[in-house]
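Single-structure report; data block below.
In this text the structure is predicted, and so the values were computed from the model without any measurement. Just so you know, residue 1 is the first one in the sequence shown, and it goes up from there.
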Amino acid sequence: MAMVQGDQDVNQSAKAGAQNLQDLSAQERAVLEMIVANPFVGQQQIADALKLARSTVAAHIVQLTQKGFVLGRGYYLPENKRIVCIGGAVFDRKYHAHAPLISETSNPVSGYRSHGGVARNVTENLARLGVNIGFVSILGDDETGRAILDHLRLLGVDVSRAIVTNEAPTAEYAAILGPDNELALGIADMGIFDLFKPETLETVWPHLASADWVFADCNLPQATLETLLAKKTGSRFRLAVDTVSAPKALRLPQDLSGVDLLFLNLDEAHSLLRHPAGTPRLTAEQAINALHARGVAKIVMTMGAGGVHIGDESGIRHIASVPAQPVDITGAGDALISGTLYCLLDRKELPDAVRTGTLLATLTTESDASVHPDLSAHFLEANLHRIRD
């Protein structure tokens, strides 16, 4: 596996007082590109990657410093109001059947393809809202993976810490829907995420540690999630987590004291709490209290059209959903997360943040895309009147 190099353009701080890039030798340019992609890269890592002696790399760095291209390895101050999303990036395929499906034969459908994945969707939403956003995931060294990263890069997302591997293809999900738009069959190839090991997390840690918020989804392996929560202790950032699904919720540890904000639904809460099968189901309030006892600071529990229950130090409250005229509900949960984090980054209280999240969820269901194509901070503000008191 190798780090994806960031945009090949040198950033502004590296350009300050520098000569033209053409004044650099080929080796100096190669060293500079690695430093731009990862300011914390070690000299030995550069030497190994470029097949140079470490002493040669050190000499090139001295020259780059003297020429004004490098200000000192790792000496970059954290930017204010920044979120980093870490987790799933998926290529989605959706097929709508024109007539009732018949097994063991060909069925006429209309196909739709898009970029998906919880962390990727949240990243795109936040980028369209103007947030300073970074994205960390693992993708295949293939056309699909490159397209996902290129699309985010064009939106202004920092994808320099995304991982590209030739050990597995980019994750894909395919859904076949009947003429009633109900899911008839879904298939997923998500094996690539198993390659996102705890040691991979270590390589991107400075990028996470300097953020205000880190959002992670449970597409990450269990060991990686456990490492993330353990390393979060003492860090400056706040951690938000989405369980994704009931089976994937089981990847979180029982001690959730590293989680500042947890997004999930009631089924996922039952799974996470290992609620015994055959016993009476928990109410939303009971589940939230049990999650607080596990160490979660704040909880956002979605109830579909029934709105959202939130739990924090002020107690448990219900937030109504925003009435919608839905076209496609895909991406609604990711939009709720995005709208909530967008407001929390602006230091708003959780209830107000979640109300904005429910609005963005509704707006997303009223488009046929997983991320509303017209989304912007202005577009969101123009629809705030739809939030019910």
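- Ion pair Arg251/Glu226 not flagged as a salt bridge, since none of the NZ, NE, NH1 or NH2 atoms sits closer than 4.0 Å to an Asp/Glu carboxylate oxygen.
- Taking the side chain as every heavy atom from C-beta outward, Val31 and Ile61 approach each other to under 4.5 Å.
- For Phe237, the ring-ring contact (aromatic ring centres under 6.0 Å, His included) criterion is met by Trp205, not counting sequence neighbours.
- Annotation: salt bridge (Lys or Arg N to Asp or Glu O under 4.0 Å) contacts of Asp150 (sequence neighbours excluded): Arg153.
- Put simply, the side chain of Ile176 does not reach to within 4.5 Å of the side chain of Asn107, judged on heavy atoms.
- Gln286 is not listed as a side-chain neighbour of Asn289, based on a closest heavy-atom distance of 4.5 Å or more.
- Partners of Asp189 by side-chain contact (heavy atoms from CB on, under 4.5 Å), not counting sequence neighbours, listed by chain and number: Pro169.
- Applying the salt bridge (Lys or Arg N to Asp or Glu O under 4.0 Å) test to Lys348 and every residue at least two apart in sequence or in another chain returns nothing.
- A donor and an acceptor atom, one from each side chain of Asn265 and Asp267, are nowhere located under 3.5 Å apart.
- When the salt bridge (Lys or Arg N to Asp or Glu O under 4.0 Å) test is applied to Asp158, no partner is found at least two apart in sequence or on another chain.
- For the residue pair Lys248/Asn219, the side-chain donor-acceptor check at 3.5 Å is satisfied.
- Within the structure, side chain to side chain donor-acceptor pair (under 3.5 Å) contacts touching residues 356-369 (residues at least two apart or in different chains) are Glu366-Arg386.
- For Phe379, the ring-ring contact (aromatic ring centres under 6.0 Å, His included) partners two or more places apart in sequence, or in a different chain, are His372.
- Other residues, nucleotides and ligands contribute at most 12 non-hydrogen atoms within 6.0 Å of the CD1 atom of Ile329.
- For Thr224 against Lys197, the heavy-atom pair with the smallest separation is OG1-C, 3.4 Å.
- Annotation: salt bridge (Lys or Arg N to Asp or Glu O under 4.0 Å) contacts of Asp92 (sequence neighbours excluded): none.
- By the 6.0 Å contact criterion, CD on Gln254 is enclosed, its count of non-hydrogen atoms from other residues, nucleotides or ligands being greater than 12.
- For the pair Leu185/Tyr95, no side-chain contact is recorded, criterion being any heavy-atom separation below 4.5 Å from C-beta on.
- Val84 has its side chain out of reach of Val204: every pair of non-hydrogen atoms, C-beta onward, lies at least 4.5 Å apart.
- Counting only residues at least two apart or on different chains, the side chain to side chain donor-acceptor pair (under 3.5 Å) pairs with a member in residues 46-56 are Gln44-Asp48.
- A 4.5 Å side-chain heavy-atom check between Val159 and Ile148 finds every atom pair outside the cut-off.
- Between Leu350 and Thr340 there is a side-chain heavy-atom pair separated by less than 4.5 Å.
- Applying the ring-ring contact (aromatic ring centres under 6.0 Å, His included) rule to His318 yields the partners His309; only residues at least two apart in sequence or on another chain are considered.
- Evaluation of the side chain to side chain donor-acceptor pair (under 3.5 Å) test over residues 115-125, restricted to residues two or more places apart or in two chains, returns Arg120-Glu124, Asn121-Asp334, Glu124-Arg128, Asn125-Ser338.
- Every residue two or more places apart in sequence or in another chain that forms a ring-ring contact (aromatic ring centres under 6.0 Å, His included) with His270 is listed here: His275.
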